[in-house]
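Since the structure is predicted, the reported quantities are computational estimates derived from the model, not experimental observations. In what follows, chains carry the letters A, B, and so on, assigned in the order in which the sequence lines appear, proteins first and then strands, with residues in each chain numbered from 1.
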Amino acid sequence: MKVEGTYTLPAPRDKVWALLNDPGVLARATPGVKKLEPQGDDMFKATIELGIGPVKGAYDGKVSITDKVPPERMTLRVEGGGKPGTIRATGELRLEESEGKTVVNYTGDAQITGLIASVGHRLIGGVAKQMASEFFKALERELQKR
Amino acid sequence: MIPGSFEYFSPQTLPEAVTLLQRYGEDAKVLAGGHSLIPLMKLRLAAPRYLVDLSRIDGLTYIRESEGFLRVGALTRHGDIETSDVIRSGYPLLADAARVIADPLVRNMGTVGGSLAHADPAGDWGAALLAAGAHVVATGPRGGRTIPLDEFFVGTFTTALQPDEILTEIGIPQSQKNSGGAYLKLERKVGDFAIAAVGVGLLLSSTGACEQVGIGLCNVGPTSLRAGQAEQVLRGKKPDDATIARAAETAATESDPADDLRGPADYKRDMVRVLTARALRLAVGRAKGGA
Amino acid sequence: MGNRVKITINGSVHEAEVEPRLLLVHFLREVVGLTGTHIGCDTTNCGACTVLLDGRAVKSCTMFAVQADGRTVMTVEGLAQNGQLHPIQEGFHQKHGLQCGFCTPGMMITAFALLQRVPNPTEEQIRWGISGNLCRCTGYVNIVAAIKDAADKMRGTPAPAGERS
Amino acid sequence: MAVAHGMGHSVKRKEDARFIRGKGNYIDDLKLPGMLYLDIVRSPYAHAKITAIRAEKALAIPGVLAVITGRDLDKYGLAWMPTLMSDRQMVLPIDTVLYQAQEVAAVLATQRYIAADGAAAVEVDYEPLPVVVDPKKALRPDAPVLREDREQKTNHIWHWEVGDRDATARALEQADVTVEEDLYIPRIHVASIETCGCVAQWDSVDGKLTLWMTTQAPHAIRTVVALVAGHLGLAEHKIRVVSPDIGGGFGGKVPVYPGYVVAVAASVLTGKPVKWIEDRMENIQADSFARDYHITAELGAKRDGTLTALRFKTIADHGAFDAAANPSKFPAGLFSICTGSYDFQSAFVEVDGAYTNKPPGGIAYRCSFRVTEASYAIERMADIMAHELKMDPAEFRLKNFIRPEAFPYKSPLGWTYDSGNYQGALKKAMEMIGYTALRREQAEKRTRGELMGIGISSFTEIVGAGPSHSFDILGLKMFDSAEIRVHPTGKAVARFGTKSQGQGHETTYAQVIAHELGIPEDDIAVEEGDTDTAPYGLGTYASRSTPVAAAAGAVAARKIRDKARKIAAHLLEASESDLEWERGKFFVKGSPQRAKTIQEIAFAAYTNHPQGLEAGLEAVAYYDPPNLTFPFGSYICVVDIDKGTGEVKIRRFVAVDDCGNIINPMIVEGQVHGGLTMGLAPALYEEITYDDDGNIRGGSFMDYLLPTSMETPRWETANTVTPSPHHPLGAKGVGESATVGAPAAIANAVIDAMWHLGVRHIDIPITPWKVWKVLRQNGVTE
């Protein structure tokens with residue numbers, strides 16, 4: 001499944017870049033992430049509890065950041081599995097600065113398997129968009145905190 | 001398919017139910033008709049530890065007009081709305097919607113409150129009641145509060161209800177002379193969720209202009225959507241063909257569908273356009289006293 | 001963690017201690033032993049499990065037995081009275097409204113509820129009324145005819161012989 | 001008093017009595033003392049290595065008795081089982097899963113709910129492997145090889161061809177007009193309303209296994225169990241397979257699924273009865289699929305509209321194992337009936353089978369092994385050719401039909417059609433629907449921009465598997481059987497090797513016997529499905545009950561009549577040759593009052609039989625048909641298309657069927673109604689798709705769309721009668737005709753509505769968005 005979109009953050013690119021490279025911020029901003037434990041260079045063990053209404057699930061996973069070209073782009077990989085299914089997602093974030101703001105273009109490809117994929121496919125697209133938007137809104141809040 | 005275990009409560013009063021929700025918080029789920037929740041539990045996608053069944057609480061099933069509002073109790077079943085004389089004679093938008101929810105057997109069990117609180121983007125009531133300009137009443141430990149439906153849907157399966165609040169009533173501005181409405185659903189077959197559905201509620205002025213208009217969109221975004229810009233196109237204008245066409249095109253741009261088995265996003269967006277135009281024409285006809 | 005339920009089924013009271021998660025359909029089939037109510041889809045689509053709950057046709061696989069506590073249930077086994085087939089059962093037999101018979105109990109219960117509410121339904125009303133019950137064998141035409149036949153008999157105005165609606 | 005109606009009467013069904021009272025005996029109704037329950041853990045991945053299966057949490061649940069894995073079964077040589085197609089199939093995997101929802105482990109528990117809890121608690125670790133869901137990609141040399149267990153390191157299963165390749169190529173080159181189209185017939189599922197299941201009961205004292213299961217072929221299953229588990233001491237006389245009432249089969253209850261095997265193993269292991277019942281998602285996601293044929297079809301014709309050549313090239317997607325329930329000697333079943341109702345000079349068909357990461361199978365979905373694929377393809381192509389030639393599709397068909405006087409007709413692909421009158425059926429259908437007026441209406445509507453289409457399908461089926469020269473199951477010939485015992489009081493019991501799943505055998509077989517012997521239907525008990533009592537037969541599928549088993553019934557009845565004649569001669573003190581038979585009695589020629597009824601004769605058979613003749617009045621017949629039967633029909637469908645939404649509305653559908661002589665017109669009509677609805681379903685609604693990761697789309701009734709009463713039109717049916725010359729009753733079989741014929745009629749109607757816009761083809765199911773898309777592409781919008 002492909003997800004793509006654009007989000008504008010009200011801060012210069014360097015600042016956004018720093019934010020995206022802060023594990024604490026990533027943990028707080030990524031929907032459902034309860035804990036991120038560093039496992040080496042840009043690799044993290046993740047504990048995720050995701051609840052979409054009554055559909056709640058706990059997932060163990062890995063988050064890694066690769067293909068970094070500061071402060072232009074990075075690739076975020078998330079892998080996780082739990083009872084409702086598994087996900088392996090790759091998202092490329094491209095940062096462009098424009099008039100003091102940062103435009104983030106993201107393109108993601110998610111491989112979802114299991115029950116969620118087979119019975120929940122009608123909702124997955126919408127939920128993915130919703131989660132992407134929550135992620136950027138959370139980043140925006142982090143920006144305001146700084 | 002067998003659901004996981006849970007503890008079951010069947011309170012006799014609303015305060016009792018609220019107390020249970022307070023006690024169990026996020027671990028509890030309210031059971032109204034159960035036709036959204038139980039399938040998820042059978043799939044073991046949902047596994048609430050506590051179920052609070054509202055069905056034995058008296059006084060949550062009614063359809064009545066008072067103080068300028070049509071008031072519908074949260075436990076009123078879809079089928080009761082479908083067959084209600086009050087609804088049939090004065091609220092074509094709601095009558096249309098009630099007729100196309102799932103199938104007749106589901107409508108005998110599913111409730112309007114349960115459906116709204118479940119906040120499935122494919123729920124027909126969400127779009128229909130957004131179009132009708134409805135609000136809901138939430139009852140919690142601090143009593144009742146009114147939430148405009150515009151603020152109710154937060155995301156997929158997520159509403160503005162607190163974990164210890166229960167949706168108890170839906171209020172809809174009472175129908176007037178010159179008001180009309182329609183709900184059109186495009187579905188793959190009876191019982192399926194909509195490919196897209198559009199609800200329209202409107203009130204025409206004495207000159208035939210749109211004095212009030214509401215347009216709700218079903219299953220074309222992460223939540224039920226209100227097509228506010230499309231409403232703006234119509235507001236204060238006569239709903240002629242050109243205006244309707246412009247409003248329909250605007251509604252399409254306001255929708256945010258995703259690809260699925262029902263079709264790709266561009267198809268669904270166009271269906272919003274087609275259905276909005278058709279629903280508007282039907283609603284205008286009804287407002288003018290037509291069928 | 002049992003809950004006590006008392007359910008009146010086809011006129012007899014049944015009491016039992018059940019797990020809250022026990023589906024009504026399993027209560028009927030496994031606890032009470034009324035196996036005429038079937039399970040077809042598990043996802044509230046097919047209506048093979050349809051029973052009357054306080055007079056309304058509902059899908060008993062999407063309901064817990066505890067929800068039916070204190071209520072009245074009628075299953076296919078309750079259609080015939082004193083060994084006398086109900087006109088709906090007669091109609092299904094006469095009009096060949098069943099083949100494998102698996103959806104038939106749910107279909108007949110839905111028809112029963114429909115005819116209580118609409119004693120003289122049109123073809124469209126019948127089709128609308130049974131649209132929550134899937135049949136894989138008959139193609140519905142003869143089911144519609146069977147329900148029409150029953151409606152006519154129940155109103156005391158039998159359709160002309162050989163009429164197929 | 002009971003009367004014998006015999007053939008041609010709409011006798012009301014005997015089996016209804018229990019079904020309308022909720023007293024059917026379906027598999028899940030069976031409850032035995034001490035019975036255990038099995039639930040199955042399934043793979044979320046379409047292709048993965050299993051690195052660990054951890055059962056501790058499941059086993060910790062009170063009531064969970066065992067978690068069975070492939071490694072456990074392997075100890076008994078049961079981790080794999082053979083398929084009917086000379087392939088093998090995993091029962092439970094040892095280390096690799098090959099499709100989503102594949103069985104991974106089984107949990108045995110004291111209760112159904114506990115078994116489900118156990119299955120949810122089993123933890124499995126997987127290492128995902130590359131997934132191949134497209135058979136065309138699977139056949140590329142760089143594709144990952146899915147079946148590492150096979151010697152051949154390729155996803156190519158087999159190649160099969162029939163016809164004259166060179167002559168067909170030449171004929172196509174020389175044709176004035178050729179048309180070519182890619183037709184995909186998607187995966188669908190029979191989705192009978194009852195899912196599959198079984199109760200296995202091992203009696204360790206007698207060493208006897210009783211297996212109640214939802215099977216359309218109990219005897220064949222008994223032999224398969226004996227062959228597969230013989231090394232464990234299960235001998236065929238110690239195996240009893242009972243097929244109870246079946247809630248719809250349609251081909252889906254022919255194969256052996258892993259759940260059955262595990263249930264048997266679990267019962268043998270524990271000495272207790274074990275029940276396994278699928279839920280709907282397991283049923284749709286893992287049981288045998290149907291179709292999944294990618295066809296490239298070409299036709300050639302002369303300018304005057306005469307068809308000359310046909311060439312079909314097909315890729316058949318069989319999923320992870322070739323487990324097609326196909327008892328013919330041809331890998332693609334009866335697909336070579338694809339020349340249909342037309343008289344081609346040359347034809348050539350080739351099919352290649354491929355493995356993919358999808359569930360195995362390849363069953364019929366209410367047709368005889370690929371007949372629907374063949375019929376859909378030829379009827380779609382016939383319409384495309386007619387339109388290409390600017391001929392009316394009806395006129396085009398009438399011009400190219402095999403002439404009535406040409407029967408028995410030898411097709412260029414090797415079949416000998418028994419009888420037919422295709423012109424008669426099509427003309428009757430055209431008359432019923434008012435074809436000419438509809439074409440006028442369509443022309444008027446076009447001028448107003450409205451979209452209305454008329455579609456014809458004039459199909460020829462091939463059913464009644466089958467003659468032993470072309471069919472077998474693991475070497476077993478495809479005869480079927482009947483045993484009739486007439487009791488002293490003139491009542492009878494008749495047992496058959498088939499098994500009804502709703503077809504009404506208890507009634508129609510009784511009619512056949514009543515027809516032959518004059519014993520009233522009410523006095524005949526028909527039994528099927530118990531291998532301990534019924535004679536050996538191959539079961540009910542492929543519309544074979546009437547062509548094969550009813551023929552056996554007629555032959556057995558005639559054997560009884562022959563003996564009855566001897567007894568009558570003895571009683572009437574006349575010579576056998578002086579006796580004449582009138583249904584229900586023998587009388588002396590010229591003295592009709594000197595007669596003995598079949599009941600009197602039956603009594604005498606036990607009380608006063610002639611010397612030198614054995615007592616009793618019973619007979620068994622095993623009928624190996626000399627040829628298949630070829631039912632046919634013409635269907636016409638009228639559709640209206642909503643230009644805005646792309647919705648297709650079927651306004652009318654007329655079906656004229658010819659299945660030879662009819663046993664029970666009411667049941668035949670019911671079969672046609674049901675078949676039409678199962679033809680409508682794949683034409684407009686049903687499909688199982690897979691995403692690139694092998695996730696199933698359409699794996700529950702939420703997304704696998706069975707038509708309801710609202711989508712199903714009011715079918716209009718009629719018959720013509722062209723008896724089969726080789727069947728003892730002149731009958732042909734009808735259960736599947738409509739499923740075979742209907743999809744093309746609907747698809748043709750939709751395309752007919754849009755041909756003038758430049759639309760040539762849309763693959764089924766024709767969903768609103770597909771129609772919307774082609775309308776948009778051709779500039780039509782609301």
Looking only at the side chains, is there a donor atom on one of [X] and [Y] sitting less than 3.5 Å from an acceptor on the other?
{"X": "D:Glu711", "Y": "D:Thr708", "answer": "yes"}
{"X": "D:Glu686", "Y": "D:Tyr365", "answer": "yes"}
{"X": "A:Tyr7", "Y": "A:Glu140", "answer": "yes"}
{"X": "D:Tyr690", "Y": "D:Thr356", "answer": "no"}
{"X": "A:Asp109", "Y": "A:Thr90", "answer": "no"}

Cationic N near anionic O, under 4.0 Å, [X] to [Y]:
{"X": "A:Arg13", "Y": "A:Glu96", "answer": "no"}
{"X": "A:Arg94", "Y": "A:Glu72", "answer": "no"}
{"X": "D:Lys57", "Y": "D:Glu123", "answer": "yes"}

- Task: Could you tell me which of D:Arg42, D:Gln100, D:Met702 has the largest number of non-hydrogen atom pairs under 4.5 Å with chain A?
- Result: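 Between D:Arg42, D:Gln100, D:Met702, the count favours D:Gln100.
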- Query: For chain A, which of D:Asp693, D:Asp703, D:Asp691 has the most heavy-atom pairs under 4.5 Å?
  - Reply: D:Asp693
- Query: For A:Arg88, is it the side chain, the backbone, both, or neither that has a heavy atom closer than 4.5 Å to a heavy atom of chain D?
  - Reply: side chain
- Message: So for A:Ile112, is it side chain, backbone, both, or neither that comes closer than 4.5 Å to the heavy atoms of chain D?
- Response: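 Backbone of A:Ile112 only, per the 4.5 Å heavy-atom cut-off to chain D.
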- Please state whether the side chain, the backbone, both or neither of D:Ala101 comes within less than 4.5 Å of a heavy atom of chain A.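 For D:Ala101, neither part sits under 4.5 Å from chain A.
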- Query: Residue by residue, which of residues 15-31 of chain A have a heavy atom closer than 4.5 Å to a heavy atom belonging to chain D?
  - Reply: none
